[in-house]
Amino acid sequence: MAAALVVLGLAVASAALRPVADAPLFAGIRAGLAVDGLSSVMVVTVAAVTAAVLVFSTGTWGRRRTGAGSSG
């Protein structure tokens with residue numbers, strides 16, 4: 001769960017800073033990566049949902065389930 005919170009922090013940082021990286025691919029052609037507006041929203045959303053799911057799952061991990069649909 002701590003890793004998910006670290007990833008969420010890095011996602012927020014990348015959304016705020018919007019880093020750009022490029023490198024030569026072939027002679028005269030450069031390849032690059034950049035964080036634009038849509039990808040900055042998506043990276044924060046995915047990281048936040050992942051952290052929320054992990055927090056929820058740690059809360060229900062040790063509980064015994066009973067009732068309909070239970071196999072055991």
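In this text the structure is predicted, and so the values were computed from the model without any measurement.
- Nearest heavy-atom pair, Ala48 versus Leu8, reported as atom, atom and distance to 0.1 Å: N-CD1, 3.7 Å.
- With hydrophobic clusters built from ILVMFWY side chains whose heavy atoms lie under 4.5 angstrom apart, Val12 shares a cluster with Val43.
- Shown here for Arg18 and Ser40, the closest heavy-atom pair between the two residues is NH2-OG, 3.8 Å.
- Here the closest heavy-atom approach between residue Val44 and residue Ala15 is recorded as CG2-CB, 3.8 Å.
- In plain terms, the two heavy atoms of Ser14 and Pro19 that are nearest each other are O-CD, 3.4 Å.
- Minimum heavy-atom separation, Leu54 to Ser57: O-OG, 3.0 Å.
- From Thr50, atom OG1 reaches atom CG of Leu5 across 11.0 Å, with rounding to the nearest 0.5 Å.
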